[in-house]
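In the text below, chain A, chain B and the rest are named by the order of the sequence lines, each starting its count at 1. Only heavy atoms go into these numbers, but all of them, side chains included; no hydrogens, no water, no symmetry mates.
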4 protein chains.
Amino acid sequence: MRRDRILAAAVRVFAERGYETARVSDIAAEAGVAYGLVYHYFGSKDAVLEAVCHDAWGRLASAIEAVADAALPAQERLERVVKIVLRSWRDDPDLVRLLVREINRNPEMEDELPEIAAAFASLERIVAGGQHDGSLRTAVDPKLAAWMLWGALDEIMTGWVLGRLPDDVAAVAAAEREVIATVVGGLVSR
Amino acid sequence: MRRDRILAAAVRVFAERGYETARVSDIAAEAGVAYGLVYHYFGSKDAVLEAVCHDAWGRLASAIEAVADAALPAQERLERVVKIVLRSWRDDPDLVRLLVREINRNPEMEDELPEIAAAFASLERIVAGGQHDGSLRTAVDPKLAAWMLWGALDEIMTGWVLGRLPDDVAAVAAAEREVIATVVGGLVSR
Amino acid sequence: MRRDRILAAAVRVFAERGYETARVSDIAAEAGVAYGLVYHYFGSKDAVLEAVCHDAWGRLASAIEAVADAALPAQERLERVVKIVLRSWRDDPDLVRLLVREINRNPEMEDELPEIAAAFASLERIVAGGQHDGSLRTAVDPKLAAWMLWGALDEIMTGWVLGRLPDDVAAVAAAEREVIATVVGGLVSR
Amino acid sequence: MRRDRILAAAVRVFAERGYETARVSDIAAEAGVAYGLVYHYFGSKDAVLEAVCHDAWGRLASAIEAVADAALPAQERLERVVKIVLRSWRDDPDLVRLLVREINRNPEMEDELPEIAAAFASLERIVAGGQHDGSLRTAVDPKLAAWMLWGALDEIMTGWVLGRLPDDVAAVAAAEREVIATVVGGLVSR
DNA sequence: AATGAATGAGTTTTCATTCAT
DNA sequence: TATGAATGAAAACTCATTCAT
């Protein structure tokens, strides 16, 4: 329970200051616990980040996976993924801020986060399925398609994180529509 | 000349270790110069990063701007931008690695790099122009479109940086084609 | 009983890592008990060391004292002391390792371990007795003689502890013979 | 030069407080330099100790080696070694205090200090030489003899370090005489 | 008796920056 | 220009000890 308080505090602090700049003492203070307790539960600052990311990506990856396995047309499954990802910004902006700011910056992290790979694999699977049943264009490599779609989503959230793109309810709704219309739309056969 | 050696070394070191983790002494060692010389030419570690980024984005931004101003159909101008961006990976992967790892995620940096804003504005201008002449769909906000396209490009380069996407000549060519087909294709009116 | 398990574990851990480097948690883990139990039985890390040393030196000192009081020629009593000391290596190497590594070098400890002083006094008493009855040379100061003999024994055990001197049965037997021949032999009148 | 000041300060501080208990800041303060300079010259606290020990043992080992190579009877060479070692206490008690307190406590150190091995090898060589020319008893293993002699010397210096044995000029002279009479005397053929 | 979560002072180490030469 | 010694603030991490249960 105390452990969870620390984890939640870490999300806020890492999101606010970035991993390198954040101090372990900031996390402890934010969680309202003593310094050493962070080291009692996690062995190091690095381990805290890893735990946070496991958590976050774990939730996101399983949500995406569930959609990927749903008995729906590929296009619709992609649309649902777009909504899940973009809405996570509303649900927990600090978490998204953290994912956006840190993950790509630490290449090593990717290897230690199988959840990320799983999420990408799910996306890829949806695309491949859609190509198989003819609803999506076959010229595009499914893996590349997954990366492009993710890139568009990640960049939009980055814009929100940085305050460079509007993130009110209407703008979020519009972003959903437009990613679907543009990127998902760009993948469908015509 | 010595200054340029330092700048080039900084690109390599920042690309390899990331800004926070890189030491000024690493840069000096990589450049083969003495410690203090970095401070002689640049006033601080921060200033080195800024100089590096000005250089990098300056070149990219002016190339994009030139395309944006060309007397060509919007769709074709977008295609050229895609090629310019993705080919910069082949020309100077360390520079791209740096752009990917540091700049896009760093709030403070954006303010100090008008070149980035200029590049995004150019993209946005192309999209708005295409919507105006009817070649691109008007439902999508030009700014959001610019961010999505950039996101797809950035993510693909990230995949290359991380070694998660193939980056041989054929794969780079395919990526160009597929970003154009998918994202640019998703923007055109039909 | 639980207390004894902790004590035995402490011997092993102190022997392995040295007092300063050993952690209380190491001792608890080695003993298979909870953290706080060490503090329940002993009040502090220091007290654990002291208890261990009392035990160890207590046994050694009383054995030496018994020999010192035996109705035997001084030379033979010294020989027996040599055997007692060197054989304790076979009986409990960790204990010897601890004695060698920590106690002899720690000024504060000596004051708190009257057993050590008693052991040295016994040795000294044997030498003085031998000088009195004419069997040992009188030129040498009994106290210095005791320290030299102890030094030779301690160094040999150190060699064993460090794996720098062979410690198989034959080597131990040879060491006994040779300390007796050399140091004890060097003390006898001729 | 500043480096030497740090080294000399380290000898004093380690001698006074012991390696584990000594703080790097103590060394810096004792040397009258800034904190970081210790790390500028030596990479770590451990490296400081190692440098100190290299120095100290280097000098002692080469002195012993010189004696071992001298064209003198083995017995006389041993006597000279005894004097060299015991007189180093007068010359630099802090250094001896350090050697006595730390070296034997850190088994790993021995491997990193070839000088110690060299000193022991010199002693061993003298004994073997004496056995060869018939001046020393052949029953004793030269290596064991070297360790015994060293043990006697080390223990006497320990007594001085701990203030348990008198260390005035007369006592030092007596110690020399008595180690020679007893241990060296115990090695000679009769 | 027994547990192990919680505390926080104390230490090592790092490294950007300054400055005398 | 060029060097690298010197500085010291800042941060991660350790671990003996306490204490509620």
Side-chain angles (χ1 to χ4, degrees), chain A residues 1-3 5-6 17 19-29 31-48, chain B residues 1-3 5-6 19-29 31-49, chain C residues 1-3 5-6 19-29 31-49, chain D residues 1-3 5-6 17 19-29 31-48:
Chain A
M1 203 219 114
R2 214 85 158 210
R3 202 192 116 104
R5 285 238 308 272
I6 294 172
R17 318 195 31 151
Y19 176 73
E20 299 285 356
T21 316
R23 282 163 292 185
V24 175
S25 66
D26 292 334
I27 298 173
V33 302
Y35 200 101
L37 203 59
V38 176
Y39 285 89
H40 181 75
Y41 284 115
F42 309 89
S44 68
K45 185 184 173 185
D46 220 68
V48 177
Chain B
M1 200 220 117
R2 211 84 156 208
R3 201 191 116 101
R5 282 243 304 275
I6 294 173
Y19 176 72
E20 298 284 356
T21 315
R23 280 164 293 187
V24 175
S25 66
D26 291 333
I27 298 172
V33 303
Y35 214 130
L37 204 58
V38 177
Y39 283 89
H40 183 75
Y41 283 115
F42 309 88
S44 68
K45 184 185 174 185
D46 224 65
V48 177
L49 178 61
Chain C
M1 200 221 118
R2 212 85 156 208
R3 201 190 118 103
R5 283 242 303 276
I6 294 172
Y19 176 73
E20 299 284 357
T21 314
R23 281 164 293 187
V24 175
S25 65
D26 290 334
I27 298 172
V33 302
Y35 214 131
L37 204 58
V38 177
Y39 283 88
H40 182 75
Y41 284 115
F42 309 88
S44 68
K45 184 185 175 185
D46 224 65
V48 177
L49 178 61
Chain D
M1 203 223 115
R2 214 86 156 208
R3 202 191 117 102
R5 284 237 309 271
I6 293 172
R17 318 196 29 152
Y19 175 73
E20 299 286 354
T21 316
R23 283 164 292 183
V24 174
S25 66
D26 292 333
I27 298 172
V33 302
Y35 209 109
L37 203 59
V38 177
Y39 286 89
H40 181 75
Y41 284 115
F42 310 91
S44 67
K45 184 183 174 185
D46 220 67
V48 177

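- Atom CG in B/L37 sits about 7 Å away from atom C1' in F/dT1, given to the nearest Å.
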So what's the dot-bracket for DNA chain E: Watson-Crick or G-U pairs under 3.5 Å, [ ] if a pair crosses, | if it pairs off-strand?
.||||||||||||||||||||

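- No contact: A/F42 has no heavy atom under 4.0 Å from any strand.
- Out of F/dT3, E/dT3, F/dG8, the shortest distance to the side chain of C/V33 is found at E/dT3.
- Residues meeting the salt bridge (charged side-chain N to carboxylate O under 4.0 Å, His left out) test with C/R5, sequence neighbours left out: none.
- Residues passing the salt bridge (charged side-chain N to carboxylate O under 4.0 Å, His left out) test with A/R3, sequence neighbours excluded: none.
- In terms of position along DNA chain E, the nucleotide closest to C/G32 lies nearer the 5' end than the nucleotide closest to the other residue of the pair C/G32 and A/A34.
- Taking C/T21 as the reference, D/E20 meet the side chain to side chain donor-acceptor pair (under 3.5 Å) condition, with sequence neighbours excluded.
- Taking every heavy atom of both residues into account, A/A47 and A/G43 meet most closely at CB-N, 4.0 Å.
- The residue among D/R3 and B/R2 whose nearest nucleotide of DNA chain F lies closer to the 5′ end is B/R2.
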Protein-proximity profile, nucleotides 13-21 of chain E, B/S/- by nucleotide at the 4.0 Å heavy-atom cutoff, equals BBSBBB---

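- Looking at residues two or more places apart in sequence or on another chain, you find no salt bridge (charged side-chain N to carboxylate O under 4.0 Å, His left out) involving D/R2.
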Please tabulate, one pair per line, all N/O donor-acceptor pairs under 3.5 Å involving side-chain atoms of residues 31-42 of chain A, not counting sequence neighbours.
none

